[in-house]
Engineer: 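Please read through the structure below; I'll follow up with questions.
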Amino acid sequence: MGTPKLVIFDCDGILVDTENLANQRLAEWLSAAGFTTTLEYCRKHFSGRSMVSVQQEVEATGLSLGADFVERWNAGLPDLFAHGVEAIPYVREFIEKVRAAGIDYCVASSARVSKMHITLGQTGLLPLFEHAMFSSTMVGRGKPFPDLFLHAAKTMGFAPADCIVIEDSVAGTEAGIAAGMRVFSYHADPYSDPDGLAEAGGILFDDMRELAGLVPIH
């Protein structure tokens with residue numbers, strides 16, 4: 001397993017610890033609309049997905065979340081993430097190793113770039129990623145389809161086989177594998193689905209300090 005030429009980071013759950021905040025609010029919003037659910041359900045089924053795809057799945061049951069659901073969701077994010085967002089433990093050290101090795105890297109998330117500015121800004125990681133930020137809003141299909149990762153690789157100038165993806169969701173892992181990339185799937189979060197990640201084809205790890213040895217970074 002050779003050294004990659006491009007490292008593609010997911011954002012939520014990989015760079016920033018936002019999943020519980022976001023999914024707790026999502027569970028509350030969906031339940032209020034008549035789709036009775038829980039934090040646990042949302043973490044398992046909706047983590048790593050765009051709000052557009054979440055709305056489509058919920059409304060397929062016959063409920064309506066309203067035409068402005070996604071806009072209302074995004075409008076509330078600055079307040080939701082104003083406090084309490086932290087970087088994933090030891091991820092900054094791994095990013096610095098990638099930088100020191102002269103390997104290119106970027107972030108590719110289901111979230112909008114505006115949300116990444118908020119969450120990465122809260123953790124001090126934003127300056128490390130402002131050069132290359134990719135969102136599912138830039139492609140026709142979000143995760144688990146490979147479009148986002150293929151778009152990021154093409155824009156950065158690398159073949160899929162030369163890229164690796166760092167993910168924490170099953171949808172994101174499936175997307176990376178479908179793109180023809182090696183995927184390293186992080187499962188330290190208690191709501192993670194390691195069995196699902198492994199089944200999707202990810203290389204599992206639960207400590208960012210392990211990652212440089214697994215990749216490997218030289």
Side-chain angles (χ1 to χ4, degrees), residues 1-19 48 85-111 113 115-136 138-139 143 146-189 192 194 197-198 200-218:
M1 192 177 290
T3 301
K5 295 181 180 178
L6 178 68
V7 179
I8 304 176
F9 291 89
D10 175 43
C11 189
D12 297 297
I14 290 296
L15 299 177
V16 294
D17 187 5
T18 54
E19 293 286 16
V85 176
E86 298 181 353
I88 295 296
Y90 306 108
V91 75
R92 180 184 284 272
E93 288 85 342
F94 177 73
I95 297 166
E96 294 296 353
K97 287 181 179 179
V98 171
R99 287 162 56 87
I103 298 169
D104 282 296
Y105 67 97
C106 64
V107 58
S109 171
S110 292
V113 171
K115 177 190 172 186
M116 288 189 271
H117 272 274
I118 296 167
T119 58
L120 292 173
Q122 281 288 318
T123 57
L125 294 175
L126 183 59
L128 299 175
F129 286 94
E130 282 182 300
H131 70 286
M133 303 174 75
F134 300 96
S135 164
S136 62
M138 300 173 179
V139 295
K143 305 171 186 179
D147 305 31
L148 175 59
F149 293 139
L150 291 173
H151 171 67
K154 184 177 180 180
T155 303
M156 297 291 288
F158 297 98
D162 292 326
C163 305
I164 66 165
V165 172
I166 314 299
E167 263 288 353
D168 68 312
S169 72
V170 174
T173 299
E174 290 173 344
I177 295 296
M181 304 174 182
R182 283 180 288 152
V183 181
F184 294 82
S185 301
Y186 181 62
H187 64 97
D189 188 292
S192 293
L197 294 170
I203 300 165
L204 270 58
F205 72 105
D206 62 4
D207 189 324
M208 286 291 172
R209 290 171 292 187
E210 300 173 15
L211 196 49
L214 290 174
V215 169
I217 298 296
H218 298 302

Engineer: Which atom pair, heavy atoms only, marks the closest approach of Ala175 to Lys143?
Structural biologist: CB-CG, 4.0 Å

Engineer: So for atom CD, which belongs to Glu130, do other residues, nucleotides or ligands contribute more than 12 heavy atoms lying within a distance under 6.0 Å?
Structural biologist: yes

Engineer: Can you see which heavy atom on Met116 is nearest to which on Phe134, and at what distance?
Structural biologist: CE-O, 3.5 Å

Engineer: Return the CD1 to CD1 distance between Ile8 and Ile166, rounded to the nearest 0.5 Å.
Structural biologist: 9.5 Å

Engineer: For side chain to side chain donor-acceptor pair (under 3.5 Å), just list the numbers for Thr18 and Thr119, CA-CA rounded to whole Å, side-chain angles, deciding distance to a tenth of an Å, and then say yes or no.
Structural biologist: CA-CA 8 Å; Thr18 54; Thr119 58; 6.0 Å; no

Engineer: Can you measure from CG (Asp162) to CG (Asp104) and round to the nearest 0.5 angstrom?
Structural biologist: 11.5 Å

Engineer: In terms of relative ring orientation, are Tyr186 and Phe205 parallel, tilted or perpendicular, with 30° and 60° separating the classes?
Structural biologist: tilted

Engineer: Could you pull out the closest heavy-atom pair between Met208 and Ile14, with the gap in Å?
Structural biologist: CE-O, 3.6 Å

Engineer: Indicate the atoms forming the closest heavy-atom contact of Leu148 with Ser109, along with that distance.
Structural biologist: CD2-O, 3.5 Å

Engineer: Nearest 0.5 Å, what's the CD-CG distance between Glu19 and Asp12?
Structural biologist: 5.0 Å

Engineer: Which heavy atom in Pro216 sits nearest to a heavy atom in Gly2, and how many Å separate them?
Structural biologist: CD-O, 3.8 Å

Engineer: Would you please test Leu126 and His117 for side chain to side chain contact (heavy atoms under 4.5 Å, CB included) and show each step?
Structural biologist: CA-CA 7 Å; Leu126 183 59; His117 272 274; 3.5 Å; yes

Engineer: Do the side chain of Ser110 and the main chain of Gly48 share a donor and acceptor less than 3.5 angstrom apart?
Structural biologist: yes

Engineer: Minimum heavy-atom separation for Ile177 to Val183, with atom names?
Structural biologist: N-CG2, 3.6 Å

Engineer: To the closest 0.5 Å, what do you measure between CG (Leu120) and NZ (Lys115)?
Structural biologist: 10.0 Å

Engineer: Could you check whether any side-chain N or O of Ser135 sits under 3.5 Å from a backbone N or O of Ala111, counting only pairs where one atom can act as donor and the other as acceptor?
Structural biologist: yes

Engineer: Which residue pairs satisfy the salt bridge (Lys or Arg N to Asp or Glu O under 4.0 Å) criterion with at least one member in residues 209-218, sequence neighbours excluded?
Structural biologist: Asp207-Arg209

Engineer: Using 0.5 Å steps for rounding, measure from the NZ atom of Lys97 to the CZ atom of Arg92.
Structural biologist: 14.5 Å

Engineer: Is there a side-chain contact between Asp168 and Asp189 in this structure, where contact means two heavy atoms from C-beta onward sitting under 4.5 Å apart?
Structural biologist: no

Engineer: Less than 4.5 Å apart, any side-chain heavy atom of Val7 and any of Ile103?
Structural biologist: yes

Engineer: Can you tell me how far the CZ atom of Phe9 sits from the CG atom of Leu128, to the nearest 0.5 Å?
Structural biologist: 9.5 Å

Engineer: Going through the distances and angles, do Thr123 and Leu15 end up as a side chain to side chain contact (heavy atoms under 4.5 Å, CB included)?
Structural biologist: CA-CA 9 Å; Thr123 57; Leu15 299 177; over 6 Å; no

Engineer: Is it the case that the ring center of Tyr105 lies less than 6.0 angstrom away from the ring center of Phe129?
Structural biologist: yes

Engineer: Applying side chain to side chain contact (heavy atoms under 4.5 Å, CB included) to Phe94 and Ile217, what does each step give before you reach the verdict?
Structural biologist: CA-CA 9 Å; Phe94 177 73; Ile217 298 296; 3.9 Å; yes

